[in-house]
Amino acid sequence: MEFAFTDEQAMIADTVRGLFAEHATRARTRAAMAGSGADAGIDRALWAAFAGELGLAGICLPEACGGAGLGMVEFAQVAEAAGAHLAAIPLLGVAMVGRALAAGGSDAQRAQWLAPLAAGQILAAAARAEGLSDSAGRLTGTVQFVPHGGAADLLLAWSGDQGWLIDLQDAGVCVTPHVTMDQTRPLATITLTHAAATPLADGKAGISAALAAGWICLSAEALGGAQAALDQTVAYSRDRVQFGRAIGSFQAYKHRLADMMIEIEQARSAVYWAACAIDEGSDEAPLALHAAKSFCADTFHMCAGNMIQLHGGIGFTWDHDAHLYFKRARAIVSMLGDGQWHREQIARLMMGAAA
Amino acid sequence: MKLGFSPAEEAFRAECAGWLQAQMAGPFADIRGIHSLCESIPRRKEWEQQLAAHRWSCIGWPAQWGGRDATLAEQVIFAEEYARAGAPNRVNHIGIELAGPTILTFGTEAQKAQYLPAIAAGTTIWCQGYSEPGAGSDLANVKTRAALDGDHWVVNGQKVWTSLAHYSDKIFVVTRSVEGSKGPKGITFLLMDLDQPGIEVRPISQMNGEAEFNETFFTDARCPADALLGAPGEGWKVAMGLLAFERGVSTLGQQMQFRNEFDVLVAAARANGKAADPVIRQRLAKAEIGLRLMRYGALRMLSQTDHSAIDGAALTYKIQWATWRRGLGELAMDVLGQAAEIAPGDDYAWPLLPNMYLSSRADTIYGGTNQIQRNLIAERGLGLPREPRGSQ
Ligand SMILES: Cc1cc2nc3c(=O)[nH]c(=O)nc-3n(C[C@H](O)[C@H](O)[C@H](O)COP(=O)(O)OP(=O)(O)OC[C@H]3O[C@@H](n4cnc5c(N)ncnc54)[C@H](O)[C@@H]3O)c2cc1C
């Protein structure tokens, strides 16, 4: 038992922080937000550096198909750094679909999709859908709220324990991108009309792997984002003077920053507990995932809200980054199950379903 | 990063679990599950000595002083099994968790030999003489005076809120030994016998009906000139160093007590049907999350070898657990409803959950109030400007 990063893990964290600090600048994130069509919310050059130069798209995918063969802990480090910089890249979908394929894909599906996913050559998205009808390998129905759906090449749609892969080039696919409150991860609606789809060989295993990766991704992004909101607010509080003092010397102000740090340190424990639990196949993994997703999302939302308040008027402007964190946080709160849903899952693990 | 335990560690678990469970089923069954601080003290002292006889009393200490040089993982395991077996609150927790580690860090070899074996053996119970009527949050404002008189210190003044002083053998006392000194300068950290004519201990009744803390009066009380930690006038460093041990391995044992309280609450909610109420379910789930994050936060803190990286984070631990437990007390009352407001007997004495509701109001006060914790986090953890001080 040792709940600290190994030297190798510390190096990975340094590398990804360096990458995002250099590339995921405010200017480039804003350019990606303003992109349209297949480039909406994506910094293609950043993705090329991330996936191509550093080979990080497949960090948590098997080595046999070109991935790095590492686990959720290392992936969480990547997502944490991406979240801190609000990096406009489709990390969520690539990890969810890649892990679903690795855990539950058929041989043919794995052979076709895993290598290009791990190499970052194609982009993937994942979303839950209700009421899809499957007739002889053709799917019909609507998949809503698909993150980066406008840019994706491959879709994993699931319902209950059934999951399907859909090549978004198919003639039966219609993608409608939306103007989305969080422009760093725009949502799309994808309508399928007799679209070609292949089911996952083991839907249950595939979907649970996808969800685990998705919850880790969002939790770790939230952790990184919350810490960035705190760091930037602390920096501002030292510079800004009112009543002849740095505003960071007022106790009401200091205590809100302290409250942010208290939550963030718990969020950090949550992310790496959950990531470790998955990597070690621990019985605690389901509890840890629900805890991480609900806790980290709430923490990020609180911190980003405080970031606006503690900046005063400038925090309400479009030019300041506070709203980018705030909107990303709000989106994460709702994605892949909101806090109430996750906490109810924990209640069930503790006490069974309510009578 | 690894959370699982090795086969050797699991073997250690089996060993200590076997021993603890046999004790709690056999010779010490009468004190199984005792959670209050002041109940059955003589029997709990015997229990300390039984632990010591089998070298389980302070396993993290060096073997030389009665410990086992246990690794972090072993200490985690022991804390878990101790609670699982229902073993009672450690009556000498201030000696084992505060005085002992402080003496290990700041004491001379002669002092270690003098004080540590008696703590490990469970024969000397310690208490903490920090707070005074005029020095609570502002501990550096202590006024209790110490003056050298030949080969003795002579101490005059008053301490207050001294937990368990009425059952203790020794007290460590933060005194002012340099005439006219102010603040952290001129402080001397003394180690004194409580059983002497110059010290009077008067219990103070608490809001939960118990009397766990005391006023402690010093009137020409004495201790040998070498019964101090650190140099004369430079005891502040020791006093502050001691507080850091409150965030040490002892947190793991404390968490297991929280786990027991939480389990009792969940069982109560299931028994009275509140476990089906969606709002209560949300709150219980939140409490479960908080408890787990406390555990993993502590493991993260204790696993870290590079302390500069974690010190800031470690500062958040006190307010985290204190606020969590206070919230659990509130949740317990909402789960139990009015039934919790009626004492089971004729005394003003409360079962576990209502008592937790009352006693947890102290958690956010002692050892640095929540407000003081936020100041510390902001100033030490985040580097913000310090609080302005008034002139005294
Ligand atoms: C159950 C219990 C057991 C205890 N056991 C011991 C013991 O064994 N030994 C011992 O030495 N002491 C003990 N204490 C004392 C404890 O450490 C003090 O009560 C605590 O440090 C607060 O000091 P105070 O009571 O003087 O309150 P004060 O310092 O007077 O505080 C009163 C209020 O003012 C606030 N306040 C003070 N300063 C600031 C500031 N700078 N900024 C914002 N707010 C501020 C506080 O947060 C608090 O809300 C115990 C206390 C309790 C309740």
Is it true that [X] and [Y] have a side-chain N and a carboxylate O under 4.0 angstrom from each other?
| X | Y | result |
| --- | --- | --- |
| B:K286 | A:D298 | no |
| B:R325 | B:E261 | yes |
| B:K274 | B:D334 | no |

Considering only heavy atoms, which portion of [X] lies under 4.5 Å from any heavy atom of chain B: side chain, backbone, both, or neither?
| X | value |
| --- | --- |
| A:L230 | side chain |
| A:Q9 | side chain |
| A:R256 | neither |
| A:F295 | side chain |
| A:E284 | side chain |
| A:L349 | neither |
| A:S282 | neither |
| A:E280 | side chain |

Exam field: side chain [X] to backbone [Y], donor-acceptor pair closer than 3.5 Å:
| X | Y | result |
| --- | --- | --- |
| A:Q345 | A:W341 | yes |
| B:R292 | A:A288 | no |
| B:Q373 | B:G368 | yes |
| B:N370 | B:T323 | no |
| A:H311 | A:Y236 | no |

- Query: chain B: which of A:V73, A:D231, A:L287, A:T6 shares the most heavy-atom pairs with it under 4.5 Å?
  - Reply: A:L287
- Message: Please identify, among A:D279, A:I262, A:I264, the residue contributing the most non-hydrogen atom pairs under 4.5 Å to chain B.
- Response: A:I262
Non-hydrogen side-chain atoms of [X] and [Y] separated by less than 4.5 Å:
| X | Y | result |
| --- | --- | --- |
| B:L376 | B:I319 | no |
| A:F5 | A:Q77 | yes |
| B:L72 | B:S303 | yes |

- Item | Residues in residues 215-224 of chain A that sit under 4.5 Å from chain B, counting heavy atoms only | none
As an exercise: rank [options] by heavy-atom pairs under 4.5 Å with chain A and give me the winner.
| options | result |
| --- | --- |
| B:R295, B:E379, B:R270 | B:R270 |
| B:I377, B:N375, B:L293 | B:L293 |
| B:A285, B:P278, B:G273, B:A269 | B:A285 |
| B:G383, B:P388, B:A275, B:G381 | B:G383 |

- Message: Please determine whether the number of non-hydrogen atoms from other residues, nucleotides or ligands lying under 6.0 Å from atom CE of A:M11 exceeds 12.
- Response: no
- Query: Is it true that atom CZ of B:R386 has more than 12 heavy atoms of other residues, nucleotides or ligands lying nearer than 6.0 Å?
  - Reply: no
- Item | B:D263: partners by salt bridge (charged side-chain N to carboxylate O under 4.0 Å, His left out), with sequence neighbours left out | B:R259
- For A:R268, enumerate each residue passing the salt bridge (charged side-chain N to carboxylate O under 4.0 Å, His left out) test, keeping only those at least two apart in sequence or located in another chain. A:E80, A:E265
In terms of heavy-atom proximity below 4.5 Å to chain A, should [X] be classed as side chain, backbone, both, or neither?
| X | result |
| --- | --- |
| B:R283 | neither |
| B:L284 | both |
| B:E387 | both |
| B:D277 | neither |

- Query: What residues of residues 3-10 of chain B sit under 4.5 Å from chain A when you count only heavy atoms?
  - Reply: B:L3, B:G4, B:F5, B:E9
How close do [X] and [Y] get, counting heavy atoms only, and between which atoms?
| X | Y | result |
| --- | --- | --- |
| A:A291 | A:I346 | N-CD1, 3.7 Å |
| A:A213 | A:R99 | CB-CG, 3.8 Å |
| B:M1 | A:C276 | CG-SG, 3.3 Å |

